[in-house]
Amino acid sequence: TGKIVTTSAMLSALHDEEVAVMISREMAHIQAGHPRMMTVVSGIRRANPIVKVLLFPITALALFLGGWMDLAEGTADRLAALIAGRPALINSALVKVAVASDRESEISKGELEAYLGAGSDDLATDAHQIERHFKMGEFLSRHMSLKERIEEVRQYFRTEEGKAGLQKMTEVRQRLA
């Protein structure tokens, strides 16, 4: 068992479908048994530098487990996308949560919605969209792991395994309807 905690920033940044996909993402973490290890690794990473030096072997282990954390995040992202049946939904929710939780972000909710909802042909003709595109580019360059996770979800659903997973979830949804 586990608990899922949301923040008011997350709830105000997301539409109902996006909240549901983020909760399914957290449920995927719980089902896969990630929370305990993620809590330990996160605690070590955020520890006081003096504590890190005193507990060097544990700190070194946390560095090695950073790769495991990336895999755990990717697994939860893919599972949430499978549950939602729309990979783009998890990606937009991840971006919105990242923007909402970044105090240095200069991207408003309206700008983010306009950016995520715009077609690619709007970029050439809309000066405001060009500015939003630039701001998002700057934001994603500061959050490389987010950019990599978005691309990983996109690529996964181009693989045979991803296509088969989406097909299976579609069949499950039809049986439950």
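Just so you know, these numbers come straight off a predicted model, no measurement behind them. Position 1 is the first residue of the sequence; numbering continues from there.
For Phe139, the ring pair (Phe, Tyr, Trp, His ring centres under 6.0 Å) test picks out His143, with sequence neighbours left out. Listed by chain and number, the residues in a side chain to side chain donor-acceptor pair (under 3.5 Å) with Glu148 amount to none (sequence neighbours excluded). In this structure, the salt bridge (charged side-chain N to carboxylate O under 4.0 Å, His left out) partners of Arg149, at least two apart in sequence or on a different chain, are Glu73, Asp77. Contacts of His34 classified as ring pair (Phe, Tyr, Trp, His ring centres under 6.0 Å), with partners at least two apart in sequence or in another chain: His29, Trp68. Under the side chain to side chain donor-acceptor pair (under 3.5 Å) criterion, Ser24 pairs with no residue at all, not counting sequence neighbours. Taking the salt bridge (charged side-chain N to carboxylate O under 4.0 Å, His left out) definition, one finds that Glu152 meets it with Arg78, sequence neighbours left out. Taking Glu106 as the reference, nothing meets the side chain to side chain donor-acceptor pair (under 3.5 Å) condition, with sequence neighbours excluded. Annotation: side chain to side chain donor-acceptor pair (under 3.5 Å) contacts of Glu151 (sequence neighbours excluded): Arg154, Gln155. Partners of Asp102 according to the salt bridge (charged side-chain N to carboxylate O under 4.0 Å, His left out) rule, which considers only residues two or more places apart in sequence or in another chain, are Arg142. Listed by chain and number, the residues in a salt bridge (charged side-chain N to carboxylate O under 4.0 Å, His left out) with Glu18 are Lys96 (sequence neighbours excluded).
Counting heavy atoms from C-beta on, the side chains of Val19 and Leu11 come closer than 4.5 Å. Counting only heavy atoms from C-beta outward, the side chains of Met136 and Leu112 approach each other to under 4.5 Å. Put simply, the side chain of Ile30 does not reach to within 4.5 Å of the side chain of Lys3, judged on heavy atoms.
Linking Ile, Leu, Val, Met, Phe, Trp and Tyr residues whenever their side-chain heavy atoms come within less than 4.5 Å places Ile90 and Ile23 in a single cluster. Under the 4.5 Å side-chain contact rule for hydrophobic residues, Leu89 and Ile4 share a cluster. Under a hydrophobic clustering in which Ile, Leu, Val, Met, Phe, Trp and Tyr are joined whenever their side-chain heavy atoms come within less than 4.5 Å, directly or via other members, Leu116 and Ile107 fall into the same cluster.
Closest heavy-atom contact between Ala98 and Leu146: CB-CD2, 3.5 Å. Here the closest heavy-atom approach between residue Ala9 and residue Ala100 is recorded as O-CB, 4.1 Å. Taking every heavy atom of both residues into account, Pro87 and Leu166 meet most closely at CG-CD1, 4.3 Å.
Residue pairs meeting the ring-ring contact (aromatic ring centres under 6.0 Å, His included) criterion with at least one partner in residues 156-177, sequence neighbours excluded, are absent. Applying the side chain to side chain donor-acceptor pair (under 3.5 Å) test to pairs two or more places apart or on separate chains, those with a residue in residues 168-177 are Gln167-Glu171.
Shown here is Asp16, whose CG atom has no more than 12 heavy atoms of other residues, nucleotides or ligands within 6.0 Å. For CD1 of Ile50, the number of neighbouring non-hydrogen atoms (other residues, nucleotides, ligands) closer than 6.0 Å is 12 at most.
Distance check, rounded to the nearest 0.5 Å: CZ of Arg86 to OG of Ser92 gives 7.5 Å.
Although no hydrogens or angles enter the test, the distance criterion places no donor-acceptor pair under 3.5 Å between the side chain of Lys135 and the main chain of Ser108.
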Applying side chain to side chain contact (heavy atoms under 4.5 Å, CB included), run through Ile83 and Met27 and close with a yes or a no.
CA-CA 11 Å; Ile83 291 166; Met27 290 172 67; over 6 Å; no

